[in-house]
Each structure stands twice: as C-alpha cells, then as structure tokens.
Amino acid sequence: MHPPIVVISERNSAFRQRVEVNGMDDLFADVPTVVGGDESAPDPHDYFDIALGTCKAITVQMYAKRKQWPLEGVTVTVQRDDSGERQGHYKLDVTLELHGISVPEQRAKLEEISHRCPIQRLMTQATIEIATHTV
C-alpha cells in the first residue's frame, strides 16, 4: 500500500487546499472564481487531466529509452471537453509531440504505446472503489 496523500484546507472560508505527498514539495489545488475559488492553483479536474498527460509522456519515454530510439523529449497537450460531464461524458483530446523521432513507424509505435499508460488504463478499464469515512 502507498503512503496516504493528505489534503488540508489552507484558508478559512476559501477552497484552496494544500496537498502533502510522501514528503515531497507540497502541491496546491483550488477552484475557479466562478464557483467561489481564487484560481490560485490547478483544480481537481486539472490534476485528473495532468495525470493522464504525464503518464503518457513517461510511458513513451520509457519505451523509447528501452528501444534506444532518439527521443529527445515529449510535449503532451491535453484538451478537456467537460461540457457533458453531468451526463457522464468527459472527453480528453491528447496531442503528442515527439521530439527527435522522425521515422513514421517509430512515431506510430510510440503513439500506440501511449494508449497503454497505466493511468489511461485506470481511467478507461478499471473498476474503482472509493470508501470515504469521517473521523
């Protein structure tokens, strides 16, 4: 089991949260001003989208390194369409820029590999159970 992630309210009557992750530098989360936040940090939806983008980048880099392909870097752009979220539809459009890879077959393989990142599998194939308790 992983160490817990701890989320602590930062300000009285505001929505900014401080996130502690296993002794690393703190992260912060907030919500847009339209719902009462200060927009001082990414919101929870941003972190959801960030998880996918970073996982795809890391997965592609690991594969290219293992194959000794000349990948110099990856830029992942995640575009969210949450207009249908209340109806159960959340769309993420992901663009990969593969720096240093010019061979079409390698580019295609890296795109295919990006679909296998653990977070995409978690988002699209897993049954997630959430138990919430008060203390």
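Everything numeric here is computed off the predicted structure, so don't read it as measured data.
- Using a 4.5 Å cut-off on side-chain heavy atoms (C-beta onward), H99 and T75 make contact.
- Side-chain contact between H115 and K56 is present, with heavy atoms from C-beta onward closer than 4.5 Å.
- When all heavy atoms of L52 and L92 are compared, the pair lying nearest together is CD2-CD1, 3.7 Å.
- Put simply, the side chain of S114 does not reach to within 4.5 Å of the side chain of Q120, judged on heavy atoms.
- Of the possible donor and acceptor atoms, none in the side chain of Q17 sits under 3.5 Å from a partner among the backbone N and O of A29.
- A pairwise comparison of heavy atoms in E20 and I8 identifies OE2-CD1, 3.5 Å as the closest pair.
- Rounded to the nearest 0.5 angstrom, H89 NE2 and D82 CG are separated by 10.5 Å.
- V60 places none of its side-chain heavy atoms less than 4.5 Å from the side chain of C117.
- The backbone N or O of L98 sits less than 3.5 Å from a side-chain atom of R107, completing a donor-acceptor pair.
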**Message:** Is there a side chain to side chain contact (heavy atoms under 4.5 Å, CB included) between H45 and Y90? Walk through the geometry before answering.
**Reply:** CA-CA 10 Å; H45 285 86; Y90 190 86; 3.5 Å; yes
**Item:** From CA spacing to verdict: side chain to side chain contact (heavy atoms under 4.5 Å, CB included), T54, V76
**Value:** CA-CA 8 Å; T54 56; V76 180; over 6 Å; no
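- Between S40 and R16 the shortest heavy-atom distance is OG-NH1, 2.7 Å.
- Within a 6.0 Å radius of CD in Q87, other residues, nucleotides and ligands contribute more than 12 heavy atoms.
- At a threshold of 4.5 Å between non-hydrogen side-chain atoms, the residues Y47 and L27 count as touching.
- To the nearest 0.5 angstrom, Y63 atom OH is 7.5 Å from E112 atom CD.
- In this structure a side-chain-to-backbone donor-acceptor pair under 3.5 Å is missing from D49 to D46.
- Under a 3.5 Å cut-off, the side chain of D30 and the backbone N or O of D38 do form a donor-acceptor pair.
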**Request:** Determine, step by step, whether K67 and K109 satisfy the side chain to side chain contact (heavy atoms under 4.5 Å, CB included) criterion, reporting the C-alpha distance in whole Å, the side-chain angles of both residues, the deciding distance to 0.1 Å, and the verdict.
**Result:** CA-CA 11 Å; K67 291 291 190 176; K109 185 63 177 181; over 6 Å; no
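- Of the possible donor and acceptor atoms, none in the side chain of Q68 sits under 3.5 Å from a partner among the backbone N and O of R66.
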